[in-house]
Amino acid sequence: MSKRIEIKKILTTEPKGQTVTVMGWIRAFRSKRFIALNDGTTFNNLQVVVDFEEYDDDFLKKLSFHACIKVTGALVESQGAGQRVEVLARDIELLGENNLEEYPLQPKRQTMEFLRSHANYRMRTNTFNAVFKIRHGLAFAVHKFYNDNGFYYMNTPIITGNDAEGAGEMFRVTTLDAKNPPLTEEGEVDFTQDFFGKSTNLTVSGQLQGEIGALALGKIYTFGPTFRAENSNTTRHLSEFWMIEPEVAFMDLEGNMDLAESFIKYLINHAMNHYPEELAFLDKRIQDAEKNMKKEERRPMGLLDTLRFVVDNDFERITYTEAVRLLQNSKPYKKGRFEFPVEWGTDLQAEHERWLVEKKFGKPVIVTDYPKDFKAFYMRLNDDGKTVAAMDVLFPYIGEVIGGAQREDRFDVLKNRMNEMGVDEEELGWYLDLRKFGGAPHAGFGLGFERMVQFVTGMTNIRDVIPFPRAPRLADF
RNA sequence: GCCUCUUUAGCUCAGCUGGUUAGAGCGCCGGACUGUUAAUCCGUAGGUCCUAGGUUCAAGUCCUAGAAGGGGCGCCA
């Protein structure tokens, strides 16, 4: 394997007839003479020219779609118009045959639904190649951004003993016999006999533990898997997803917004700078798909234009109270087009958020200072006693990408809020104690990584931006 | 969880107001051709019309229930 050259490198190498060895998968074999070879390093293919008189027909038949080969030959300038260089094959070795009578993929456009049901093969397509390279790039950029800004990467537990985080339904982690669990005298399942000696779940957020880190290291971020057992059937929810949660001491809501905005812009810039080919491919893919759609169903801007626009413009920042006022003065409100009511004290619905983002401002919007009644117990109570220092970052097409807040750092106020909202004080005693022993003002947020990948790649279904999606009734591979 | 649409060949789909042997393109397989670019040309094979009931002389087509999938909503990231 030592002499193998990556196709990405070969395509930019000066052809002088030098001998090269390449390995890859066949994308097409045309005229019994031309192989389009791809090794995943770029989605441009290398043309391999085969002298078919040198091989018997049985061998040539095995050079089929997605079969894997090793080719040694001379790198020369291409005679054809479609590419700059090509390899004149001197030796072809079949590394892996492909049985096309059973293989589901075909050398043509396939639907996302079909590819989703063959997730073990879909990474071989150009679209998923591009998506997962960009996903990698964004993950790398997350670490680079925080590292370069003095944050420490903190790993919060995936199995937690907290039952009271309130971020959603949880998956139980247990080794007890589901058919015959030990019972207490009251007839309940006796989790004291379980593996951890208590009831445990998969985490729904690393935030609460992240606060511990922030109040010691100053600035931390988490980036790990997160689990929600909600029966959500939408294009933007997963049961298992990755979340980035920075938490910063001595930062207020204003600083939190600044951090969120600069972070998102950094991620998008990184993708545009490092994955221009992939983004251009995805941009064209969306345009092609939209050709058959009605005008009002198409995006107002192409993918690349949208990304540039987000990076070049300040996010709009408004309070919840202002948002309600704007919505009540909006055309759809006055014409009764909204399905849900708009009045101070009820949460904004997707239709309201979309109007703000897509119609009113035409750019990302940060809504702050929501009524305390439908926000989490840990968000800092504002002086008005009615609202909390929360923020939601709303994006076009995908809605909420970030939810965050300045945290309640006053012991008594937090204790009251926990009691008000029925949060178990015993269970989260350690969290409350952070305010008792050297507490500090601090803030943070959670970014849904897949939603970010969705936005940058323009993929319409979140299940297509994670290699093996988990969702209700879906846990293949 | 709610609403809605869909389910016919390996894939994408057609199949009229119910009426002979269910079709097309692509793919596969076989053949021809050979400087191609989603190569081209010819040919063969391939179907539990999602499942179970029902209506009818007759059901891919109509009705009921269920399953799976898409989209929208809610919950949220």
For RNA chain B, which ranges pair as stems of 3 or more consecutive Watson-Crick or G-U pairs, with both donor-acceptor distances under 3.5 Å? B:1-7 with B:67-73, B:10-13 with B:23-26, B:29-32 with B:40-43, B:50-54 with B:62-66
5' precedence on RNA chain B between A:Val401 and A:Pro104 (nearest-nucleotide basis): A:Pro104
Hey, which sits more toward the 5' end of RNA chain B by its nearest nucleotide, A:Ala350 or A:Ile402? A:Ala350
Determine the contact category for [X]: base if any of its heavy atoms lies under 4.0 Å from a base atom, sugar-phosphate if only primed atoms, P, OP1 or OP2 are that close, otherwise nothing.
{"X": "A:Phe340", "value": "sugar-phosphate"}
{"X": "A:Lys375", "value": "nothing"}
{"X": "A:Gln83", "value": "base"}
{"X": "A:Thr226", "value": "nothing"}
{"X": "A:Ser117", "value": "nothing"}
{"X": "A:Glu353", "value": "nothing"}
{"X": "A:Asn45", "value": "nothing"}
{"X": "A:Gly80", "value": "base"}
{"X": "A:Arg116", "value": "sugar-phosphate"}
{"X": "A:Gln106", "value": "base"}

[atom1]-based separation of [M] from [N] [nearest Å]:
{"N": "B:C16", "M": "B:C28", "atom1": "C1'", "result": "32 Å"}
{"N": "B:U7", "M": "B:C50", "atom1": "C1'", "result": "6 Å"}
{"N": "B:G10", "M": "B:G53", "atom1": "C1'", "result": "31 Å"}
{"N": "B:G43", "M": "B:G35", "atom1": "P", "result": "24 Å"}
{"N": "B:A58", "M": "B:U4", "atom1": "P", "result": "32 Å"}
{"N": "B:G23", "M": "B:A45", "atom1": "C1'", "result": "16 Å"}
{"N": "B:A22", "M": "B:G15", "atom1": "C1'", "result": "8 Å"}
{"N": "B:G18", "M": "B:C62", "atom1": "P", "result": "8 Å"}

Within the pair [X] and [N], is there a side-chain N or O less than 4.0 Å away from OP1 or OP2?
{"X": "A:Gln47", "N": "B:U37", "result": "no"}
{"X": "A:Arg27", "N": "B:A38", "result": "no"}
{"X": "A:Arg236", "N": "B:C75", "result": "no"}
{"X": "A:Thr235", "N": "B:G72", "result": "yes"}
{"X": "A:Thr111", "N": "B:U12", "result": "yes"}

Could you work out which one of [options] sits closest to the side chain of [X]?
{"X": "A:Lys32", "options": "B:C29, B:G71, B:U34", "result": "B:U34"}
{"X": "A:Thr234", "options": "B:G71, B:U34, B:C75", "result": "B:C75"}
{"X": "A:Lys108", "options": "B:G72, B:G10, B:A39", "result": "B:G10"}
{"X": "A:Glu113", "options": "B:G31, B:G69, B:U34", "result": "B:G69"}
{"X": "A:Leu238", "options": "B:G1, B:C75, B:A77", "result": "B:A77"}
{"X": "A:Phe34", "options": "B:G30, B:A77, B:G35", "result": "B:G35"}
{"X": "A:Ser78", "options": "B:G35, B:G31, B:A77", "result": "B:G35"}
{"X": "A:Lys61", "options": "B:C76, B:G69, B:G31", "result": "B:G31"}
{"X": "A:Arg30", "options": "B:A77, B:U36, B:G69", "result": "B:U36"}

Regarding A:Arg417 and A:Glu420, does a basic nitrogen lie under 4.0 Å from an acidic carboxylate oxygen? yes
Would you mind checking if A:Lys62 and A:Asp58 are paired as a salt bridge, meaning a charged N to carboxylate O distance below 4.0 Å? no
Atom pair distance, as rounded to whole Å: [atom1] in [X] and [atom2] in [N]:
{"X": "A:Tyr397", "N": "B:G72", "atom1": "OH", "atom2": "C1'", "result": "18 Å"}
{"X": "A:Arg122", "N": "B:C11", "atom1": "CZ", "atom2": "P", "result": "17 Å"}
{"X": "A:Ile398", "N": "B:C75", "atom1": "CD1", "atom2": "P", "result": "17 Å"}
{"X": "A:Leu100", "N": "B:A45", "atom1": "CG", "atom2": "P", "result": "21 Å"}
{"X": "A:Phe455", "N": "B:A77", "atom1": "CZ", "atom2": "P", "result": "19 Å"}
{"X": "A:Phe29", "N": "B:C33", "atom1": "CZ", "atom2": "C1'", "result": "14 Å"}
{"X": "A:Phe223", "N": "B:A77", "atom1": "CZ", "atom2": "C1'", "result": "13 Å"}
{"X": "A:Leu88", "N": "B:G35", "atom1": "CG", "atom2": "P", "result": "15 Å"}

Without hydrogens or angle criteria, can the side chains of [X] and [Y] be said to hold a donor-acceptor pair below 3.5 Å?
{"X": "A:Asp392", "Y": "A:Tyr320", "value": "no"}
{"X": "A:Gln207", "Y": "A:Tyr378", "value": "yes"}
{"X": "A:Asn129", "Y": "A:Lys133", "value": "yes"}
{"X": "A:Asn231", "Y": "A:Asn233", "value": "yes"}
{"X": "A:Thr235", "Y": "A:Asn461", "value": "no"}

Does the ring of A:Phe241 carry A:Arg228 above it, NZ/CZ under 6.0 angstrom from centre and within 45° of its axis? no
Which class fits the ring pair A:Tyr55 and A:Phe59: parallel under 30°, tilted 30 to 60°, perpendicular over 60°? parallel
On a heavy-atom basis, the closest approach of A:Ile7 and A:Asn44 is CG2-O, 3.9 Å
Any N or O donor-acceptor pair linking the side chain of [X] to the base of [N] at under 3.5 Å?
{"X": "A:Glu86", "N": "B:G35", "answer": "yes"}
{"X": "A:Arg33", "N": "B:C33", "answer": "no"}
{"X": "A:Gln79", "N": "B:G35", "answer": "yes"}
{"X": "A:Ser232", "N": "B:C75", "answer": "yes"}

Atom CZ of residue position A:Phe468 - does it have more than 12 heavy atoms of other residues, nucleotides or ligands inside 6.0 Å? yes
B:A77 pyrimidine/purine six-ring stacking with A:Phe241, under 5.5 Å and 30°: yes
My understanding is that only one of A:Tyr221, A:Phe263, A:Phe223 makes a ring pair (Phe, Tyr, Trp, His ring centres under 6.0 Å) with A:Phe449; could you say which? A:Phe223
